[in-house]
Every structure is written in C-alpha cells, then in structure tokens.
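Indexing begins at 1, ligand by ligand and atom by atom, following the structure's order. Please read all numbers here as calculations on a predicted model, not as lab measurements.
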Amino acid sequence: MIKEYIAENRQRFLDELFDLLRIPSISADGAFKDDVVKAAEFIREKLLAAGADKVEVVPTAGHPIVYGEKIIDSSLPTVLVYGHYDVQPAVPLELWDSPPFEPVIRKTEIHPDGAIFARGSCDDKGQVYMHVKAFEYMMKTNKLACNVKFMIEGEEEVGSPNLATFCIENKEKLKADVVLISDTSMIANDIPSIDSGLRGLSYVEVEVTGPNRDLHSGVYGGAVANPINILAKMIASMHDENNHITIPGFYDAVQVLSDAERAELNKAPFDLEAYKKDLNIDDVWGEKGFNTLERTGIRPTLDCNGIWGGYTGEGSKTVLPSKAFAKISMRLVPNQDSHTITDLFKKHFESIAPQGVKVEVRPHHGGEPVVTPIDSPAYLAAEKAMETSFGKKPIPTRGGGSIPIVALFEKELGLKSVLFGFGLDSDALHSPNEHYGVFNYLKGIETIPYFFENFAKMHK
Ligand code: BES
Ligand code: MN
Ligand code: MN
C-alpha cells in the first residue's frame, strides 16, 4: 500500500521537498533570519495540510519551533518526532557544482538512482520531510496507529540554545513514549543500520595575543613572540605521538568498552578502502590502539575547526600579527561531561601558554553524549520496520556526530530516542555538494509507517 502511494506521489514528494530546499534557512547567519521563519511556515502549512492539529510556529528568543500533533486515542502510545529545518551555512559557494539553494538531481556512484543536491537535503530537511509525507499517508489511509507530536526546530545547527527552555516549559504538552529522530546515517543503502549513540561536544574559541599591535616582521621578527607560531605549537602539542589527547584528566571519565562490546561494535561492516577512496586520502589517521569505527564511535577527539590571524590576502604583507585565533571542537563519549571537559581544556591551554603571550579561552555551546537502548520496544519497532522495507535486519552502530538536545530529552522529558536516520556519511553534510539519495528519501517515507504500526503493537 505505502509502496503504491509513493509510486503515485513520487514527483509531488520531490517537488515539495525542492520547495523547502529553496529556502535558505541558515540559522547561524542573521542575514537569513526571515528565511528561517519562511521554512518554519512551510513546515507548518504542510503538517496542517496532512492533517495535524494545533499546528503552530512558536517564537523563541532565537528561531521558531514548529509544533503540531495528532492525538487519536489516549490509550495508544505517543511518538514525538523531532528534527530540524535549519541548515548549515553554504560557504564556500565556489566549491558547489550547482547552487546550494537550487536543488537538482544528479546520479552518483553511490546513488545510481539519483541524489538531491542542495544544502539541507540530507541534514535535515529531507529527513524531516519524510516524516511529514509518511504522516500524510497514514492520515489519508486511516493507518495512523500511534498518537504523534511533531517538534521541528530551527536552531539545531547552532546548538539548540532555546529548545531546552521550550521543553522544560512544555513538559505536559510534549508527553510521549519515545522520541523518533531521523537526523543520522546508515552504513550503506544495502546495509541498513540504526545509531545507538551520539557523541557529546565541547566547543571553544581561543585567542592568543602577543604585542599590542601588528609589527613589521623584519624589524621585530625573531625578537617578539608570534601569536600564530605559538598557537600552532600549542594546538599541535595537544596530541602526543600516539595521537592521544594530552590534556590532563581528559580521558578520566571515558567509558571503557568490554572486549565483547568492542567485538559487537566491529561486527558492523566497514570498508576501509572505500572510505579512503571516497575522501581521496592514502591513509587514515587517529588514536593508536583503535580502528576507524572505534575512533569515531567510542573515542573522544580534539580538532581545530578553523584558525586565523595575520595577513591572508593576496600577495604578501610582512607582518608579525598581534593576535591569532582558533575554534576547537572536542567530541565526547560516555561518561564525559562537556562542562568538565571545557574546564580542563581551559586550564590546560592557559598552563601551556609560554611567556610573552596572553591567552583567552571562550566556551561556546556544548552537549552531552548519549547511548540509546537497543532492546526497547521502540528500537525493536524501528528494527522490524527497516527489516520490512530493506529486507535486511539493521545493524546497531555508534555514530560520530552530535545532536546535543537528545541528552536533554532524556534528562528533562524522561524520554529515550530512536535514531532512525536514512542518510549516508558520504552525503557531504555540512560540506559543499551536500546531497540526499532519492532512494533514501523514498525509503524513509516507506519505512516510517511500519515503525508506527510496530510500535503500537509492541508498546503494550
Ligand atoms: N545531523 C547532524 C548530526 C549527525 C550527523 C549525527 C551524522 C550522526 C551522523 C546534526 O545536524 C549536526 O550537525 N550536529 C552538530 C551539532 C552542533 C552544531 C551543536 C555536529 O555534530 O557538529
Ligand atoms: Mn542534523
Ligand atoms: Mn548538521
């Protein structure tokens, strides 16, 4: 039934998603504030048209949250669908093969049926819209088997600064039995998987100041500490020769997996050659004693995300800069705490600063790691749904990304999440040429109604 519905409505499903993708809802950049609201309005309209009640665009101190629900029977379980309609900035624009907000379908090696190229196609508009269309189908055919609440936010890509308040202030309204989130990846289109964890995040910005002004690099060079040289050395020193992070206490809380748990994690198929080929690298890099799956799944990291200072314009300017800056992210695993890690970073960074410079560490947003159960009724409902639509039982995996609000759902709403993602890691999320397989989009729409059906049965 759902298959026929998709076949009949395929073009419309694509057209509507394309309309959503044309709205540049970049949450990080104030210049796009009105577009963010437009995207919220778009989701509101489509939820309403599909049959949701109490649909509203709720203003916050930042970007709005779209809420809607369909309560059919208080004796049935309730699914809270969470996702985000905001997107990452599209820069650098010149690296896109087609404009980021003019979606087009192109075939790729991994997506022979075509992929939708646009910012937000996979992360997360395409995956949010699967839920809207699956809901439309369930409403039209009287198949909705659970109550459903939608909470689609516009600030995920900037750390969800206002969603926590909304959750805390609306605990009754958000009452549910599980949170269903499609904002993660699977292993491959023929290897379905479900993430059973997300990493946490500590994000800091650092500033190193040397002399009180930019100096002539000939007149002063060699005699005054150069903040860029110093910063580069400080960052480099934060990994040792085994690529362990050198911040004292950094690993103290890290949960060590048993050999059995590690073996389980490594059952997930991983093609190292394909991985290297996709990234055009001749070797992978990382912490000694762990393989690539473990490095992204169960180990914490420290990475410089941006570094600047001095002269970067055309030609040369002989200048010894007064300041240097960097943005640094640390991905965290259970049971690390983002506040503790940020404090440890700050203390360490200040302690390794040599004489002749001043340093400042400014914490940004953070988030806690989560592990989701793989034996709950909701997980089993998701597993069975994918087994039905893919013809293969999905493998539980640990994803490397973060969705900071998921830990808060647990803490404030007492709700566990199911990470029901249909993207691929190779879909270039946050990168130029982000895309989402047409297969993945339609497969998601096909699979979601099975989840609702299974969950209604299993949640007794
Ligand atoms: N959807 C991603 C997270 C993700 C991607 C998880 C792929 C697992 C697999 C989310 O939109 C994201 O990008 N999160 C940010 C969090 C940050 C902006 C606070 C991240 O992970 O960098
Ligand atoms: Mn996302
Ligand atoms: Mn993202």
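- Less than 4.0 angstrom separates some heavy atom of L429 from each of these atoms of ligand 1: 5 (C), 7 (C).
- When side chains are defined from C-beta on, K133 counts as touching E16, because their heavy atoms get closer than 4.5 Å.
- Remark: ligand 1 and R331 share an N or O pair separated by less than 3.5 Å (distance only, no angle test).
- A salt bridge between K346 and D343 is absent, with no side-chain N of the basic residue lying under 4.0 Å from a carboxylate O of the acidic one.
- For atom 10 (C) of ligand 1, the candidate residues are H364, Q127, E156, E155; the nearest heavy-atom contact is made by E156.
- Judged by distance alone, the side chain of K392 and the main-chain N or O of D190 form a donor-acceptor pair under 3.5 Å.
- A heavy-atom separation below 4.0 Å is not found between D124 and ligand 1.
- D183 O, 3.6 Å is the protein heavy atom nearest to atom 4 (C) of ligand 1.
- Considering backbone and side-chain N/O of H84, one or more are found under 3.5 Å from N/O of ligand 1.
- Within ligand 1, the atoms closer than 4.0 Å to a non-hydrogen atom of H365 are 19 (C), numbered from 1 in the order shown.
- Salt bridge annotation for R22-E102: absent, with no cationic side-chain nitrogen under 4.0 angstrom from a carboxylate oxygen.
- With waters left out, the protein N, O or S atoms under 2.8 Å from the Mn ion (ligand 3) add up to 4.
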*Do R299 and E294 pass the salt bridge (Lys or Arg N to Asp or Glu O under 4.0 Å) test, and can you show the C-alpha distance, the side-chain angles, and the key distance before you say yes or no?*
CA-CA 6 Å; R299 298 299 292 170; E294 295 167 338; over 6 Å; no
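- Not counting sequence neighbours, the partners of F117 by the ring pair (Phe, Tyr, Trp, His ring centres under 6.0 Å) test are H435.
- Ion pairing between K323 and E207 holds under the 4.0 Å rule for side-chain N and carboxylate O.
- With hydrogens left out, the protein atom closest to atom 6 (C) of ligand 1 is G401 CA, 3.7 Å, a heavy atom.
- For atom 18 (C) of ligand 1, the closest non-hydrogen atom of the protein is E157 O, 3.5 Å.
- Of the listed residues (L201, V87, T397, N305), the one carrying the non-hydrogen atom nearest atom 17 (C) of ligand 1 is L201.
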_Steps toward ring-ring contact (aromatic ring centres under 6.0 Å, His included) verdict (F150, Y67)_ = CA-CA 5 Å; F150 294 92; Y67 180 84; 8.8 Å; no
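- Considering backbone and side-chain N/O of Q88, none are found under 3.5 Å from N/O of ligand 1.
- Look at K54 and E56 and you find no salt bridge, because none of the NZ, NE, NH1 or NH2 atoms lies under 4.0 Å from a carboxylate O.
- Of the heavy atoms in D123, only side-chain atoms (C-beta onward) come closer than 4.0 Å to ligand 1.
- Protein heavy atom at the shortest distance from atom 8 (C) of ligand 1 is T184 CG2, 3.6 Å.
- In this structure, K46 forms a cation-pi arrangement with F42, its terminal cationic atom sitting closer than 6.0 Å to the ring centre and no more than 45° off the ring axis.
- Contacts of H244 classified as side chain to side chain contact (heavy atoms under 4.5 Å, CB included), with partners at least two apart in sequence or in another chain: D240, N242, Y251, E287.
- Residues passing the ring pair (Phe, Tyr, Trp, His ring centres under 6.0 Å) test with F345 are F349, sequence neighbours excluded.
- Compare G367, S329, S402 by their heavy atoms: the one nearest to atom 3 (C) of ligand 1 is in S402.
- Remark: distances from the non-hydrogen atoms of H430 to ligand 1 include one below 4.0 Å.
- Judged by distance alone, with hydrogens and angles left aside, the side-chain atoms of Q127 form a donor-acceptor pair with the main-chain N or O of F422 at under 3.5 Å.
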